[in-house]
Amino acid sequence: MSTNSRVKPSVKVRGFVDLMKLRVVELLLVSTLPSMVLANEGLPSLTLTMATLIGGTLAAGSANAFNMVIESESDKLMKRTAKRPLATGVLTKAEALIFATLIGLISLLIFAVYTNALTTALTATAIVFYVWVYTILLKKRTPQNIVWGGAAGCMPALIGWAAVTNSLSVTAWSFFLVIFFWTPPHFWALAIKYKDDYAAAHIPMLPVVASKTHLLRQMWIYTIAMIASSVALIINAELQNWAMAVTVALGLVFAAQLRGLNEKSVNYEKTAGKIFQWSITYLSLLSVLLVAAQLLKA
């Protein structure tokens, strides 16, 4: 009898849930709902909202599960990922592949039934982009992996808008760019903390292959672009002046956090960890702000 066959059903179920990386999915949903509210200029119907959020959760979970199958050997080399279900043998690759395929198809079916062809196509594109472009083509080949591969994580901004309007607008693309520019400093801050893990797995994340000076310069470039895109988003969405003021304030706090990343400091990794946590807070607060400003405007 194989080791996998002796795994308790409850542990297997937990393994399937872990494949989806739901903590990561939460961040994707954070950008989906505001996009829907902006597109609808108010709250969309409960049915459409739930279908989009559930479909989005399954789609992102599918992409994450495929990612774990592809990186199962690398995960064994990294302390941060060594307890993932494929790395520990809780699940087999075949089980994970079937699960990833199934929930991916269900997600596309949900979008096809409850939204429209554009939204369904965007969702399929996001899954394929994350799995093939980021995980397979870019992640182990270039330190710019998270820059271009991270575009998959920006897709919920477009998917949410398309689900409501069956189209895309300048506002939707502005939100896409906010997340596109937010992703590198967010992820590189995490990669600083786990630099040794990525090095052990031969993944050329920028903190592994570049000097601290070059890394910090790149983080500043993307942070400034993120703040500028956030301002453009508020303008294109025609939100109130107070929303603009809060958006700028959030950006300045982000910049202040980054300014504390002194490459000569003994607290370098600790500061990077704070930047990572603040980046999550930043995106969450910006999303709440967008919803609140649109509802008050309506």
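Sequential numbering from 1 along the given sequence is applied to the chain's residues.
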What's the spacing between [X] [atom1] and [Y] [atom2] if we round to 0.5 Å?
X: L206; Y: F187; atom1: CG; atom2: CZ; value: 12.0 Å
X: T171; Y: I234; atom1: OG1; atom2: CD1; value: 10.0 Å
X: L258; Y: K274; atom1: CG; atom2: NZ; value: 14.0 Å
X: D197; Y: I203; atom1: CG; atom2: CD1; value: 9.0 Å
X: L239; Y: M244; atom1: CG; atom2: CE; value: 8.5 Å
X: F175; Y: T32; atom1: CZ; atom2: OG1; value: 8.5 Å

Start with the C-alpha gap between K297 and E41, add the side-chain angles, then the distance that decides, and say whether salt bridge (charged side-chain N to carboxylate O under 4.0 Å, His left out) holds. CA-CA 8 Å; K297 174 185 170 184; E41 296 185 352; 5.6 Å; no

Hey, any chance [X] and [Y] share a hydrophobic cluster, counting ILVMFWY side chains that come within less than 4.5 Å of each other, even indirectly?
X: L252; Y: W242; result: yes
X: L105; Y: M68; result: no
X: I159; Y: M36; result: no
X: F254; Y: I179; result: yes
X: L177; Y: L168; result: yes

Under 3.5 Å, is there a donor on one side chain and an acceptor on the other for [X] and [Y]?
X: N145; Y: T142; value: no
X: Y282; Y: T223; value: no
X: E71; Y: T135; value: no
X: T165; Y: S167; value: yes
X: K76; Y: T81; value: no
X: K139; Y: N67; value: no

Mind checking whether [X] and [Y] have side chains closer than 4.5 Å, heavy atoms only?
X: F181; Y: H186; value: no
X: L290; Y: L233; value: yes
X: P85; Y: L19; value: yes
X: W173; Y: F180; value: no
X: S74; Y: H202; value: no
X: T119; Y: N116; value: yes
X: T57; Y: M20; value: yes
X: S107; Y: I127; value: yes

So does [X] have more than 12 non-hydrogen atoms from other groups sitting under 6.0 Å from [atom1]?
X: R259; atom1: CZ; result: no
X: Q144; atom1: CD; result: yes
X: W220; atom1: CH2; result: yes
X: K193; atom1: NZ; result: no
X: Y222; atom1: OH; result: yes

Heavy-atom nearest pair, P34 first then V30, reads CD-O, 2.9 Å

Over all heavy atoms of both residues, which pair between T247 and S230 is shortest? Give the atoms and the distance, please. CG2-CB, 3.6 Å

Show, in sequence, the C-alpha distance, side-chain angles and deciding distance for L91 and F99, and conclude whether the side-chain contact (heavy atoms from CB on, under 4.5 Å) test is met. CA-CA 10 Å; L91 298 174; F99 177 75; over 6 Å; no

For Y268, is the NZ or CZ atom of K212 found under 6.0 angstrom from the centre of its six-membered ring and inside 45 degrees of the ring axis? yes

Check step by step if salt bridge (charged side-chain N to carboxylate O under 4.0 Å, His left out) holds for D75 and R84. CA-CA 7 Å; D75 284 345; R84 287 178 174 174; 3.3 Å; yes

